[in-house]
Amino acid sequence: NFSNEVNAAINGKWASLQLAEAELLSLEAKFKDEQTFVSFFASGHPRDVVPLNVCGTIMTTRLPTLQLCKESVLACNFSKEEQEEYAERRSIQEWDHEDVVAWLNQLEGISESVVSEFEDNQVTGRELLALGAEGLKDFGVAKKGTIYLLLDEIKKLEKASGDR
């Protein structure tokens with residue numbers, strides 16, 4: 001029966017086209033994810049991207065991400081000068097919350113609870129610059145000495161990056 005054979009062939013082609021369309025949509029979604037990932041890494045300075053060899057698998061991350069846990073072996077591999085250099089290369093206005101947390105972690109005398117408060121609230125560089133003494137108190141900074149230390153460090157950052 002010729003018409004049944006033609007009908008079966010058309011239905012087979014139709015099913016193949018539907019599978020191809022589904023695969024194409026999946027690949028487009030993966031491409032968008034990859035594009036977002038590349039844009040994220042490309043937005044900073046090339047020296048801020050750190051390649052890592054993890055059991056033979058090469059991975060990359062950003063310097064601020066490594067510095068989220070200041071006592072980690074990876075964070076300790078970067079000197080204070082390298083961390084300060086990173087801060088100076090980017091306008092503080094552009095910092096995301098990971099940059100702020102990494103910066104706080106490299107400061108002496110800042111308690112983990114204060115760092116956690118900034119991290120939990122995802123404070124950006126722009127928000128950091130807007131903080132005064134009262135704002136710091138809202139983030140759990142109780143000691144006056146720590147408040148003045150942070151205000152001084154924020155002022156140094158502002159001056160070094162040219163943000164005003």
Stepwise salt bridge (Lys or Arg N to Asp or Glu O under 4.0 Å) check, Lys155 with Glu158: CA-CA 5 Å; Lys155 190 186 303 180; Glu158 207 171 17; over 6 Å; no
Give the minimum heavy-atom separation between [X] and [Y], together with the two atoms involved.
{"X": "Val114", "Y": "Gly140", "result": "CG2-O, 4.0 Å"}
{"X": "Val100", "Y": "Thr124", "result": "CG2-C, 3.5 Å"}
{"X": "Asp99", "Y": "Glu94", "result": "OD2-O, 4.5 Å"}

From CA spacing to verdict: side chain to side chain contact (heavy atoms under 4.5 Å, CB included), Trp103, Leu107: CA-CA 7 Å; Trp103 173 75; Leu107 296 176; 3.7 Å; yes
At what distance, to the nearest 0.5 angstrom, does [atom1] of [X] lie from [atom2] of [Y]?
{"X": "Glu108", "Y": "Glu153", "atom1": "CD", "atom2": "CD", "answer": "10.0 Å"}
{"X": "Leu104", "Y": "Leu150", "atom1": "CG", "atom2": "CG", "answer": "6.5 Å"}
{"X": "Phe31", "Y": "Leu24", "atom1": "CZ", "atom2": "CG", "answer": "12.0 Å"}
{"X": "Thr57", "Y": "Met59", "atom1": "OG1", "atom2": "CE", "answer": "5.5 Å"}

Test item: side-chain donor near acceptor, Asn121 and Glu117, under 3.5 Å: yes
Using a 4.5 Å cut-off on heavy atoms from C-beta on, say whether the side chain of [Y] contacts that of [X].
{"X": "Ile154", "Y": "Leu129", "value": "yes"}
{"X": "Val6", "Y": "Phe2", "value": "yes"}
{"X": "Leu128", "Y": "Leu157", "value": "yes"}
{"X": "Phe118", "Y": "Leu136", "value": "yes"}
{"X": "Val123", "Y": "His97", "value": "no"}

Any donor-acceptor N/O pair, Ser26 side chain to Ala22 backbone, under 3.5 Å: no
Gln122 side-chain N/O to Glu119 backbone N/O, donor-acceptor pair under 3.5 Å: no
Chi angles and distances behind the side chain to side chain contact (heavy atoms under 4.5 Å, CB included) call for Leu149, Ile110: CA-CA 9 Å; Leu149 169 74; Ile110 305 303; 3.8 Å; yes
Heavy-atom neighbours of Glu23 CD exceed 12 at 6.0 Å: no
